[in-house]
Amino acid sequence: MKKEVLVIGGGMAGVEAAAFLSARTRGIPVRLVEMRPQVQTPAHKTDRLGELVCSNSLGSESKNTASSILKREMMGLGSLILDAAYKSKVPAGSALSVDREQFSQIITRSIEENPNIVVDRSEYTDLPQDQLCIVASGPLTSPALSKKLAQCLGQESLYFYDSISPIIEADSIDLSQTYFANRYDQEQGDYLNCPLSKSQYDELIEDLLQSEKVPVHNFEELKCFESCMPIEVMASRGHKSLSFGPMKPVGLEDPKTGKRPYAVLQLRRENDPTTMYNMVGFQSRMKWPEQKRVFRKIPGLQNAQFVRMGSMHRNTYIESPKVLNADLSIKNRPNVFVAGQLTGVEGYVESAATGIWAALQIYARWNDIEIDRPDENTAYGSLLRVITTHPLKSQFSPMNMNFGIFPPADIRQGRKGRKERRQHMDDRAKQSFETWTALNAGKVFHDEKVRDPRCQLQAS
Ligand SMILES: Cc1cc2nc3c(=O)[nH]c(=O)nc-3n(C[C@H](O)[C@H](O)[C@H](O)COP(=O)(O)OP(=O)(O)OC[C@H]3O[C@@H](n4cnc5c(N)ncnc54)[C@H](O)[C@@H]3O)c2cc1C
């Protein structure tokens, strides 16, 4: 069990996990199994470790953004991908964008030159019985390994397609134009309804048909389930398909007029307390700027701030809240941990963050110590809470780092504006993470000095 740790997958999560465990002061031997170039995924193009499959952006670097808080915490844990990102950074305004070639070259070299890591270029198709292991094979996990995961977790706990609707920040919705009501039940108001007149509905359908869509990759056309049909495909099947489908107004009379609107967009609470709403049935493959342009025409959504846009793509992920322990190990196979997009996080940075976390927990197991998770005020605490306990109201689906998953800001002391609230949440996260580090750093970092890669950049 203690000979070496097996890490399956050399993507964002896998390289972080391998680097964390094998660092000089931790010294745990790692076998990192990466199937490329022997077996390719439908999206990767090279044999490099840490390859970015699509955009070259690792999200915002702006102060007071959820993504920058997560990055700050990852840097506190010695993130390899952020170190590589700052060394290969290209100018991109407030985003941390990288030269993808340089980025993956730095990561590959760092892993291959590490004497504690053996890189094994083969497809891994099993789950070990007793060896400590991290499965970080990503959204395009090979079919043979997916089958093994399904056998271990139960077929119903493994998803292959991701069809997601946009999520909106609650405080960006104009409540004066919307109303709370459940279908046929005016007493209960779980849903927030945006009523559309006939002309507004006609314009929406026209926009959905004319808008620019994300091009379809061949490998994504394998199956398109009826239940995850993009809204624009539904609209193309007939002018009234939406008003008889997800936008059906029946049982949703507007209390202001006493009349039934022509069509209704329902917004479902995404969390408790409610800081986010999900656009029910609005999964979409329109380009993101198009989604914003079209959806902001819906009454109440003129100033909508989107924390996640709609998308649909091949994405293998597991029902983590059901099958994982808090430390990211599998409940019925506790020697196997899961990290990366497979756990139900969305995005390069989020995936990498869970790779570090799974490694940290394996390190704790290896050394027979306990390391608690940081509290929910931190980015790590809130992200891990979403994937292991799923406090949200909708079906479990991939989640990126956003302010909606943090506990709401305390709005006392004049923190009424959005900017003040963000600042407060950022300060609160910083303080909580510092407290957590003070309690745990000795257990994890020994005499190692974790440096902020941005400082190294300035110094060099
Ligand atoms: C088409 C597509 C486009 C995306 N675009 C973006 C984007 O623009 N921005 C963004 O933030 N996120 C994007 N994502 C999500 C992105 O994949 C993840 O954010 C991130 O790369 C996931 O990290 P990971 O470590 O979980 O998986 P990956 O980075 O995909 O790494 C998994 C690795 O495991 C290997 N592997 C798979 N099966 C096996 C096996 N059986 N044995 C050995 N090795 C195996 C793969 O070859 C791969 O190298 C996209 C995803 C897809 C599918």
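Values reported hereafter were calculated over all heavy atoms of this structure, with side chains retained and with hydrogens, waters and symmetry mates removed. Order of listing sets the numbers, starting from 1, for every ligand and every atom in it.
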Q | Any Leu145 side-chain heavy atom under 4.5 Å of Val135 side chain | A | yes

Q.
Tell me whether Ala13 has any N or O atom under 3.5 angstrom from an N or O of ligand 1.
A. yes

Q.
List ligand 1 atoms under 4.0 Å from Leu145, heavy atoms only on the residue side.
A. 41 (N)

Q. Any side-chain heavy-atom pair from Arg333 and Gln129 closer than 4.5 angstrom?
A. yes

Q: Output the list of atoms in ligand 1 that are nearer than 4.0 Å to some heavy atom of Ser122, sorted by atom number.
A: 43 (C)

Q. In chain order, what residues pass the side-chain hydrogen bond (donor to acceptor under 3.5 Å, both in side chains) check against Glu101, with sequence neighbours excluded?
A. Arg48

Q.
So for ligand 1, is Glu51 a polar contact partner (N or O within less than 3.5 Å, distance only)?
A. no

Q | Enumerated ligand 1 atoms positioned under 4.0 Å from heavy atoms of Thr41 | A | 46 (C), 47 (O)

Q) Can an N or O of Tyr124 be found at a distance shorter than 3.5 Å from an N or O of ligand 1? A) yes

Q) Could an N or O of ligand 1 be found under 3.5 Å from any N or O of Pro139, whether backbone or side chain? A) no

Q) Just going by heavy-atom distances, which of Glu346, Arg48, Gln341, Gln40 is nearest to atom 15 (C) of ligand 1? A) Gln341

Q. Can you list the atoms of ligand 1 that are under 4.0 Å from a heavy atom of His44?
A. 30 (O), 48 (C), 49 (O)

Q. Is there at least one pair of N or O atoms, one from Ser142 and one from ligand 1, spaced under 3.5 Å apart?
A. yes

Q.
So does Gln38 get a backbone contact from the side chain of Arg121, meaning a donor-acceptor N/O pair under 3.5 Å?
A. no

**Q.** Under 3.5 Å: N/O of Met12 near N/O of ligand 1
**A.** yes

Q. Which is closest to atom 27 (O) of ligand 1 by heavy-atom distance: Gly10, Gly138, Ala144?
A. Gly138

Q | Atoms of ligand 1, numbered as shown, that sit under 4.0 Å from any heavy atom of Arg36 | A | 47 (O), 49 (O)

Q: Please say whether Ser57 places an N or O atom under 3.5 Å from an N or O atom belonging to ligand 1.
A: no

Q: Please examine the side chains of Glu16 and Ile81, heavy atoms only from C-beta on, and report whether any two atoms are closer than 4.5 Å.
A: yes

Q. Does the salt bridge (charged side-chain N to carboxylate O under 4.0 Å, His left out) test come out yes or no for Asp83 and Lys87, once each step is laid out?
A. CA-CA 6 Å; Asp83 185 42; Lys87 286 177 177 150; 2.9 Å; yes

Q | Contact atoms of ligand 1, heavy-atom distance to Gly9 under 4.0 Å | A | 33 (C), 34 (O), 35 (C)

Q: Could you say whether the N/O atoms of Glu123 and ligand 1 ever approach to under 3.5 Å?
A: no

**Q.** Greater than 12 external heavy atoms within 6.0 Å of Lys322's NZ
**A.** yes

Q.
I'd like to know whether NZ of Lys331 has more than 12 heavy-atom contacts from other residues, nucleotides or ligands below 6.0 angstrom.
A. yes

Q) Is any side-chain heavy atom of Gln305 less than 4.5 Å from a side-chain heavy atom of Ile168? A) no

(Q) When you measure from the side chain of Arg296 to the backbone of Ala304, do you find a donor-acceptor pair of N or O atoms at a distance under 3.5 Å? (A) yes

**Q.** Contacting atoms of ligand 1, where contact means under 4.0 angstrom from a heavy atom of Ser351
**A.** 18 (C), 19 (O), 20 (C), 22 (C), 23 (O)

(Q) Is any side-chain heavy atom of Trp357 closer than 4.5 Å to one of Leu328? (A) yes

Q | For Gly340, atoms of ligand 1 separated by under 4.0 Å from a heavy atom | A | 26 (O)

Q | ring-ring contact (aromatic ring centres under 6.0 Å, His included) assessment of Trp436 paired with Phe433 | A | CA-CA 5 Å; Trp436 178 84; Phe433 198 74; 5.4 Å; yes

**Q.** Close N or O approach (Gly347, ligand 1; < 3.5 Å)
**A.** yes

